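Computed from a predicted structure; not experimentally measured.
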Amino acid sequence: MGESIEDKILEKSKKCGRGSVFFVGDFVSYGNRNAVNKALERLTEKGLMIRVARGIYCYPKIEKAYGLGAVPPSREDIAKAIAKRDGARIVPTGLFAQYQLGLSQQVPMNVVYLTDGPSRTINLVEGGSIKFKRASPRYFAIRSPLALLLTTALRDWRVESLTEEQVAFIRAKLNENPRIPVADLRLMTSEVREFVVNLYG
């Protein structure tokens with residue numbers, strides 16, 4: 001008797017490692033879509049997989065120190081998995097970009113990414129959503145990850161409203177990383193570019 005679809009899904013998940021995010025389409029070589037969906041449902045009921053959103057699952061990391069058990073993937077991990085599947089580039093924006101930059105300690109429930117792929121919204125089982133907004137190719141021409149994150153984090157947040165602590169934090173970030181190339185500075189919004197150049201002094 002051959003392996004069941006459940007066994008095959010679990011075997012592949014273990015090879016990829018805990019925390020890996022999967023799509024139903026990743027397992028269609030094991031059976032038709034309906035059978036794969038049913039197998040994933042059974043694995044979820046057994047606590048071996050977590051359903052993240054419609055058609056998206058995770059082979060979860062297990063938190064033992066505090067007894068939390070299966071831990072869902074981060075919004076960033078889910079977004080990166082979707083972008084990889086779609087062959088798209090993404091960059092966080094707004095509150096989530098500010099969080100990733102370290103300007104805010106709060107992880108927003110609803111995160112927004114700019115993408116050169118299709119626009120879409122993924123509603124998460126645990127609440128909240130991940131929204132992908134198609135953006136100008138200009139953003140993705142910026143090569144420096146820090147320059148890109150500064151551009152998207154500050155685009156919805158007036159530079160004048162930054163506190164002294166936040167400005168000092170950004171200055172420290174700029175000093176820790178390789179200097180932003182002139183080509184990237186030219187692609188940043190004029191307000192952010194001026195702000196960064198002044199911080200370099």
Does Ile90 form a side chain to side chain contact (heavy atoms under 4.5 Å, CB included) with Ile82? I'd like the steps, not just the answer.
CA-CA 10 Å; Ile90 58 172; Ile82 293 168; over 6 Å; no
Heavy-atom check, side chain of [X] versus side chain of [Y], under 4.5 Å:
{"X": "Asn110", "Y": "Thr121", "result": "no"}
{"X": "Asp116", "Y": "Tyr139", "result": "no"}
{"X": "Tyr200", "Y": "Ile180", "result": "yes"}
{"X": "Pro178", "Y": "Ser144", "result": "no"}
{"X": "Lys8", "Y": "Lys12", "result": "no"}
{"X": "Leu95", "Y": "Gln106", "result": "no"}
{"X": "Leu48", "Y": "Glu6", "result": "no"}
{"X": "Leu114", "Y": "Arg155", "result": "yes"}

Main chain of [Y], side chain of [X]: is a donor-acceptor contact present, judged purely on distance under 3.5 Å?
{"X": "Arg18", "Y": "Ser13", "answer": "no"}
{"X": "Asn198", "Y": "Phe195", "answer": "no"}
{"X": "Ser119", "Y": "Arg134", "answer": "yes"}
{"X": "Asp86", "Y": "Gly117", "answer": "no"}
{"X": "Thr93", "Y": "Tyr113", "answer": "no"}
{"X": "Thr152", "Y": "Pro92", "answer": "yes"}
{"X": "Arg75", "Y": "Met109", "answer": "yes"}

Please report the closest heavy-atom contact between [X] and [Y], naming both atoms and the distance.
{"X": "Glu63", "Y": "Val71", "answer": "CB-CG2, 3.5 Å"}
{"X": "Arg120", "Y": "Ile122", "answer": "CD-CD1, 3.9 Å"}
{"X": "Arg186", "Y": "Arg138", "answer": "O-NH2, 4.2 Å"}

Measure the CD1-CG distance between Ile50 and Leu40 for me, rounded to the nearest 0.5 Å.
13.0 Å
For Leu124 and Ile78, run side chain to side chain contact (heavy atoms under 4.5 Å, CB included): C-alpha distance rounded to whole Å, both residues' side-chain angles, the deciding distance at 0.1 Å, then the answer.
CA-CA 10 Å; Leu124 304 173; Ile78 300 164; 4.0 Å; yes
For Tyr99, all residues meeting side chain to side chain contact (heavy atoms under 4.5 Å, CB included), sequence neighbours excluded:
Phe96, Val107
May I ask you to say whether Lys61 pairs ionically with Asp77, meaning some side-chain N is under 4.0 Å from a carboxylate O?
no
Assess the pair Phe22 and Phe27: is the distance between their ring centroids shorter than 6.0 Å?
yes
Answer with yes or no whether the side chains of Asn123 and Ser129 bring together a donor and an acceptor at under 3.5 Å.
no
